[in-house]
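Structure first, commentary second.
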Amino acid sequence: MNDKENIIEIHGLKKSFDKGRTKALTGVDLEIKEGEFISIMGPSGSGKSTLLNMIGAFDKADEGSITVAGIDLMKEKHLDQFRSQKIGFVFQLHNLIPNLNVLENVEIPMLRTKTTNEEMDKRAMELLELMNFPNLSETVKQNPTRLSGGERQRVAIARALVNHPSIILADEPTGALDSKTTQMILDLLKDIHKKENVTLVMVTHEPDVGAQADRTITVLDGKVVEGKT
Ligand SMILES: Nc1ncnc2c1ncn2[C@@H]1O[C@H](COP(=O)(O)OP(=O)(O)OP(=O)(O)O)[C@@H](O)[C@H]1O
Ligand SMILES: [Mg+2]
């Protein structure tokens, strides 16, 4: 993997909240190669989600440098566009919209693109098929409230993939699931990572889950303390 380019490059990144009183990131240095599967571990409150949110440009850092997929996030003005084109995000609690059906939920990120309805349906179905749903033609018409936790997470993963992202950011994607469902979701993520060569950055507090990545780093008090490249 040494000949691959860095898709994520972070140096001296700092972020605080509450007018500087809460220091969430205190100087993160991190390089991630294109196509890598990396897991981020560390105690509660250490800054893992904040780091993921910086990579996905959900929030701006205070200091340091962060370049993701060739875009300098400290300078870039069109962060929404960057995010919808380059990033797929999977949250712990899936964040599906309860009053939209499964198909509509998966199509949300495509609504702002120039995709036609037919193309949206085709792409969403294609991805949901990858997620191995039994009775998919029925499932797509249901609201996510009727699905199990693992099924909802599979819908969320399909949604994260619709715009062919270069990077998937997953924040505790299996945190709310039992061990069997956890492995199924991980296998799906690993499969996509391999097939589509996407870079996968996953936060987890479960050592067994983290160990399945190519590389594990640990965040402590807002810094990467282990596994730094
Ligand atoms: N939007 C925010 N406003 C104020 N403080 C915040 C905000 N987001 C995070 N923090 C604080 O920044 C620190 C790091 O939080 P973060 O959510 O990144 O931790 P984490 O490692 O993801 O923890 P967990 O494992 O519990 O999810 C914590 O002290 C948290 O309270
Ligand atoms: Mg978190």
- request: Could you go through the side-chain contact (heavy atoms from CB on, under 4.5 Å) check for Met54 and Leu73 one step at a time?
  value: CA-CA 9 Å; Met54 298 292 133; Leu73 297 187; over 6 Å; no
- prompt: Step by step, would you call Leu128 with Val106 a side-chain contact (heavy atoms from CB on, under 4.5 Å)?
  reply: CA-CA 8 Å; Leu128 285 164; Val106 173; 4.0 Å; yes
- request: Apply side-chain contact (heavy atoms from CB on, under 4.5 Å) to the pair Asp121 and Glu107, showing each step before the final yes or no.
  value: CA-CA 7 Å; Asp121 287 352; Glu107 292 178 353; 2.5 Å; yes
- request: Mind running side-chain contact (heavy atoms from CB on, under 4.5 Å) on Leu96 and Phe91 for me, showing each step along the way?
  value: CA-CA 10 Å; Leu96 299 176; Phe91 303 87; over 6 Å; no
message: Let's go through Asp178 and Thr181 carefully: what are the C-alpha distance in whole Å and the side-chain angles of both, what is the deciding distance for side-chain hydrogen bond (donor to acceptor under 3.5 Å, both in side chains) to 0.1 Å, and is it a yes or a no?
response: CA-CA 6 Å; Asp178 62 70; Thr181 316; 2.9 Å; yes
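By the 4.5 Å heavy-atom criterion applied to side chains, Ile167 and Val198 are not counted as neighbours. Under the 4.5 Å side-chain criterion, counting only non-hydrogen atoms from C-beta, Asp29 is not in contact with Lys223. Two residues are said to be in side-chain contact when any heavy atoms from C-beta on lie closer than 4.5 Å; Ile8 and Asn6 fail this criterion. Side-chain contact between Lys195 and Leu130 is present, with at least one heavy-atom pair separated by less than 4.5 Å. Counting only heavy atoms from C-beta outward, the side chains of Val68 and Ile66 approach each other to under 4.5 Å. Using a 4.5 Å heavy-atom threshold, the side chains of Gln153 and Val90 count as touching. Counting only heavy atoms from C-beta outward, the side chains of Met74 and Asp62 never approach each other to under 4.5 Å. Using a 4.5 Å heavy-atom threshold, the side chains of Leu189 and Pro173 count as touching.
Asn105 places a side-chain N or O within donor-acceptor distance of the main-chain N or O of Asn101, the cut-off being under 3.5 Å. In terms of modelled atom types and a separation under 3.5 Å, the side chain of Arg154 and the main chain of Ile185 share no donor-acceptor contact. In this structure, the side chain of Thr139 engages the main chain of Asn135 through a donor-acceptor pair within 3.5 Å. Side-chain atoms of Gln85 do not come within 3.5 Å of backbone N or O of Phe82 as any donor-acceptor pair. Judged purely by atom type and a 3.5 angstrom limit, Thr199 uses its side chain to pair as donor or acceptor with the backbone of Gly35. Looking at Lys48, its side chain does come within 3.5 Å of a backbone N or O of Gly42 through a donor-acceptor pair. With hydrogens and angles disregarded, no donor-acceptor distance shorter than 3.5 Å links the side chain of Thr67 to the backbone of Gly70.
Enclosure of atom NZ in Lys60 by more than 12 non-hydrogen atoms of other residues, nucleotides or ligands within 6.0 angstrom is indicated. For Lys122, the NZ atom is loosely surrounded, since the number of other residues' heavy atoms within 6.0 Å does not exceed 12.
When all heavy atoms of Phe37 and Lys190 are compared, the closest pair comes out as CE2-CG, 3.8 Å. In terms of heavy atoms, Leu103 sits closest to Ala124 at CD1-CB, 3.7 Å. Of all non-hydrogen atoms in Pro98 and Pro144, the two that sit nearest each other are O-CD, 3.9 Å. Taking each heavy atom of Ser39 and Thr216 in turn, the nearest pair found is OG-OG1, 3.1 Å. Nearest heavy atoms, Arg159 versus Asn95: NH1-O, 2.9 Å. The two atoms that bring Glu76 and Leu79 nearest to each other are O-CG, 3.7 Å, heavy atoms only.
Among Leu200, Val201, Ile87, the single residue meeting the side-chain contact (heavy atoms from CB on, under 4.5 Å) criterion with Ile168 is Leu200.
Leu25 and Met41 end up in different hydrophobic clusters when Ile, Leu, Val, Met, Phe, Trp and Tyr side chains are linked at under 4.5 Å. No chain of hydrophobic side-chain contacts below 4.5 Å, direct or via other Ile, Leu, Val, Met, Phe, Trp or Tyr residues, connects Leu100 to Val102. By the rule that hydrophobic residues join a cluster once side-chain heavy atoms approach within less than 4.5 Å of another member, Leu147 and Ile97 end up as members of separate clusters. Under the 4.5 Å side-chain heavy-atom criterion for ILVMFWY residues, no single connected hydrophobic cluster contains both Val140 and Ile108. When hydrophobic clusters are built by joining Ile, Leu, Val, Met, Phe, Trp and Tyr residues whose side-chain heavy atoms come closer than 4.5 Å, directly or via intermediates, Phe17 is not grouped with Ile55.
Identified under the side-chain hydrogen bond (donor to acceptor under 3.5 Å, both in side chains) test for residues 162-176, with sequence neighbours left out: Ser49-Asp171, Arg123-His164, Glu172-His205, Thr174-Glu206.
Between Lys33 and Glu5 there is no salt bridge, since none of the side-chain N atoms of the basic residue sits less than 4.0 Å from a carboxylate O of the acidic one. Ion pairing of Lys23 with Asp221 is absent here, as no side-chain N (NZ or NE/NH1/NH2) approaches a carboxylate O to less than 4.0 Å. The pair Arg21-Asp18 does not meet the salt-bridge criterion, since no charged nitrogen lies less than 4.0 angstrom from a carboxylate oxygen.
Rounding to the nearest 0.5 Å gives a distance of 12.0 Å between NE2 of His78 and OG of Ser84. Residue Asp208 holds its CG atom at 9.0 Å from CD of Gln183, rounded to the nearest 0.5 Å.
For the pair Arg83 and Phe58, the distance from NZ or CZ to the six-membered ring centre is under 6.0 Å and the angle to the ring normal is within 45 degrees.
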